[in-house]
Amino acid sequence: MHLLNQWTDRVAGASIKSVVPMIDYKIPKSPEYYAERIMFVETREEAENMVDLAYQRPLSHIGFDTEFRYDSPGVVIDKRSTVFDPRSIRPLLLSLAMTEPFGDGGGRLYRFVIDLRNRELLPHLRKIFQLPYHFCAHYAKVELFCLWKLGLAESPCIWDSFIFEKALHLGRYHHKYKIQNRKDEMQTILAKEEVSEKKKFSYSLVASCQRYGITYAMENSKERLQKSFLIHGGEKFSKEQIEYSAEDAVAAAKIFPLQIDKAARAGILRHCEKVEMDWVTTNSRIEWDGVRVDVGKIESVTKVLESCKEKIKKQLYDEYGICNIQSHKQLAEFFKSCGLLNKFKIKGKYSFDKEILKKNVSLHPSIPLLRAARRASDLLADKIMDPRFIGVDGRVHADHRQLGTDTGRQTSRWPNFLGLDRILRPLVIPEEGYGIGEVDWSQVEVGIAAAIYHDTALIDMFNSGDVYSAMAQKFFKSDLLENDLNLPGHEFKKKYPKFRNQMKSCTLGIIYGITPIGLAETLRTTKNKATTLFDQFMEMFPDLKYVLESTAQTSGIRGYGCTSTGLRRYREKLGRVSRWERNWLTNHPVQGSAAVVFKDAGNRLMKLYKRYDARIVIPLHDAFIFEAPMDCFEKVTEITEHVMCETLQEHFPELHPQVEANIFLPTCWNKDGDGYVLERWIEELEVSLKEIIK
DNA sequence: GAAGAGAGCGCC
DNA sequence: AAAGGGCGCTCTCTTC
């Protein structure tokens, strides 16, 4: 019936229009004419001409940039940063630099600046972004926001010169290099100079252009002009504003071929093309979609936590004279006056951290209060509790930073969803009619370490299911009952958690480069026992120890560690490899490759999710938290599981990956279907406070 | 007064 | 001599 209606509509529509559209024979556009000037596009006719030229000329790529303002005032983080709600973006101008290369190496640029306030031009822009060329921008995220705000689809082929510069310089200027001990004053001075040199290193468009020898004409007026758009009213754009807008697109267009060359030379071209540049869109989309938070719960929780915190602080002050629990100095003075200070001594320093407070909890009645107050203020200080971060669409749009780490992982901030306290996770909720689910890879870094370092024993154990159980079954053979030697992983995990945990610590120890002393600390055992355990453990993986050592050495000589796709993390300089460098030279290939496969999977999911109106909410290093309509929730879960497994297998065919889905409670983000951790924690706190405080 | 270091919490 | 990789964020305290 529905179909029939559509059909009759169409027939009716057709009869109104003229029978056959006239073919409009195009007159070739003069390339010289367009190459000479910046075309400011305000009318449909001008936009049509632009599209015609783009169709007629043999282009290679298109640089683009947008100018915009925000309609919401933004949240001031500190003196240097203010964060704006991406959904309140108001696109003003789009600039394009279409590049036509010549055979001899030169080329011609056609520059257009389009007034985005005229919505009649959008159908023409849609055609532009369907052109099969690379679209190059510097920090494409905001450009994508502008397109999405206008309801335009992005090009499937984005090149982000900012992200490329980040990828190219991973590991350079790492902060740990500047705190190395300098032997004399001269070295200290030199070090300081070095650091201030590095401060100047920037990924900005101007700085990047300089590195490639591209002249950027409007360097000195850039800041002023950028600002002029942020406070733009409705007035006509000035000639200078239009020129500036075009200049950024031109710079992006010019830097692209030079970056491609550089990428090839640095061995990361394929990595960039296959994974990193697609992730620009995926990552921006995650930020654009944002997450919904439970405002009511946040309000009530804040109230309760604040009142608890106040009560504790009052008690600590009234009874013990401690006025600031955050002050290391004051705590040291206080415990000194009680004669307990020596109980807090560790490695020659005094510490009042969580662990040592826990150890000393029974020594003094103030200690449980300190612990509770700390946790309460930490929870209260999380930016997820701040309603100012909620955008005009009612959702929170954190800053998801691509290549935020030197291994290639993501970071997030304002709020930091990737580091969100477990008990605060249920504050993340779905829209009406939607559900939240999570799928994570099981022990993915272990599998990747096994594959990268070609240790067949470790690969086999990974493939057997629960890798740590498999290890424990071999390692503790003589301590186990005959029947339990072949127990399935998940059953073994329940029956022998202690054995399994020891194996887990050892395994992560390999990946992170632990020492026997470190292992002894985590397992709370003696150095000798830890050493024996670790040595015997390594005997299970005869190839691994050697490969790790030789990897550290060769990478040290070469100057960088490398993921499976060739993405490099550089040392500051050649020479003796420090312990820390050795650790990350062997860890980066594992962590970095995991990040690569994760992005690859995310890129695929993003495309597949579209037809289900689903979205990735949080990319959590080895897990995707997604939001999907309830009527296709299972289907989306299935797709997520499938894609994650397949992608990992494509990168590492020798692995048989497993994923775990948490879809037990789709009404909020949670762990193991437990949505009330926060409430329970608060309840327990209140009960214990009643006992302590009169 | 701003900026950075350090301690300490949280996450994978 | 230190002693596990990668982070964000808040608070205190010191330094320039």
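Keep in mind that this is a model prediction, so the values were computed, not measured. Naming: A, B, ... by sequence-line order, numbering from 1 per chain.
Side-chain atoms of A:D421 lie closest to B:dG10 of the nucleotides B:dC12, B:dG10, B:dC9.
Distances shorter than 4.0 Å separate some side-chain N or O of A:R375 from OP1 or OP2 on B:dG10. OP1 or OP2 of B:dA3 has not a single side-chain nitrogen or oxygen of A:K79 nearer than 4.0 Å.
Atom CD1 in A:I448 sits about 17 Å away from atom P in B:dC12, given to the nearest Å. In this structure, A:E438 places its CD atom 12 Å from C1' of B:dC11, rounding to the nearest Å. Rounded to whole Å, atom P of B:dC9 lies 11 Å from atom CG of A:L370. The separation between A:L678 atom CG and B:dG10 atom P is 14 Å, rounded to whole Å. Between A:D386 atom CG and C:dT10 atom C1' the separation is 14 Å, expressed in whole Å. At whole-Å resolution of the value, CG in A:D78 and C1' in B:dG1 are 15 Å apart. One atom, CG of A:D378, and another, P of B:dG8, lie 12 Å apart when rounded to the nearest Å. Distance A:I423 CD1 to B:dG10 C1': 11 Å, rounded to the nearest Å.
Listed by first and then second residue, the salt bridge (charged side-chain N to carboxylate O under 4.0 Å, His left out) pairs involving residues 439-448 of chain A are A:R409-A:E445 (not counting sequence neighbours). Pairs passing the salt bridge (charged side-chain N to carboxylate O under 4.0 Å, His left out) check and including a residue from residues 367-376 of chain A, sequence neighbours excluded, read A:R375-A:D421. A side chain to side chain donor-acceptor pair (under 3.5 Å) check over residues 668-680 of chain A, counting only residues at least two apart or in different chains, returns the pairs A:K297-A:E679, A:E438-A:W669, A:N662-A:N670, A:D674-A:R680.
When the side chain to side chain contact (heavy atoms under 4.5 Å, CB included) test is applied to A:D455, the partners found at least two apart in sequence or on another chain are A:A457, A:L458, A:F541, A:D543, A:L544. With sequence neighbours left out, A:R425 forms a side chain to side chain donor-acceptor pair (under 3.5 Å) with no residue at all. Among residues two or more places apart in sequence or in another chain, the side chain to side chain contact (heavy atoms under 4.5 Å, CB included) test is passed with A:T532 by A:Q536. Here A:R558 pairs with A:S555 under the side chain to side chain donor-acceptor pair (under 3.5 Å) rule; sequence neighbours left out. Not counting sequence neighbours, the partners of A:V304 by the side chain to side chain contact (heavy atoms under 4.5 Å, CB included) test are A:C308, A:I682, A:E686.
With no hydrogens or angles considered, a side-chain donor-acceptor pair links A:N603 and A:T282 at under 3.5 Å. Side chain to side chain, A:T407 and A:Q591 meet the donor-acceptor criterion of an N or O pair below 3.5 Å.
Five base pairs at each end of the helix from B:dG1-C:dC16 to B:dC12-C:dG5 define two local axes, and these are offset by 10° (rounded to 10°).
A side-chain hydrogen bond (donor to acceptor under 3.5 Å, both in side chains) with A:E287 is found for one member of A:H397, A:K141, A:R401, A:Q402 and no other, namely A:K141.
At a threshold of 4.0 angstrom between heavy atoms, the contacts of A:R582 with the nucleic acid are absent. The residue A:S351 sits close only to the backbone: its heavy atoms come under 4.0 Å of sugar-phosphate atoms, none of a base. In this structure, A:F352 reaches the sugar-phosphate backbone alone: every heavy-atom distance under 4.0 Å involves primed, P, OP1 or OP2 atoms, never a base.
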### Task
Do nucleotides 2-9 of chain C as a string where each nucleotide becomes B, S or -: B if the base has a protein heavy atom under 4.0 Å, S if just the sugar-phosphate does, - if no protein is that close.
-BBBBSSS

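The stretch residues 323-338 of chain A touches DNA chain C through A:N324, A:Q326, A:S327, A:K329, each having a heavy atom under 4.0 angstrom from the strand.
The C1' atoms of B:dA5 and C:dG4 are separated by 22 Å, rounded to the nearest whole Å. Of the P atoms belonging to B:dG8 and C:dA1, the separation is 24 Å, rounded to the nearest Å.
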List, one per line, each side-chain donor-acceptor pair under 3.5 Å for residues 504-520 of chain A, sequence neighbours excluded.
| residue | atom | partner | partner atom | Å |
| --- | --- | --- | --- | --- |
| A:S505 | OG | A:N501 | O | 3.2 |
| A:T507 | OG1 | A:M503 | O | 2.6 |
| A:T515 | OG1 | A:G518 | N | 3.2 |

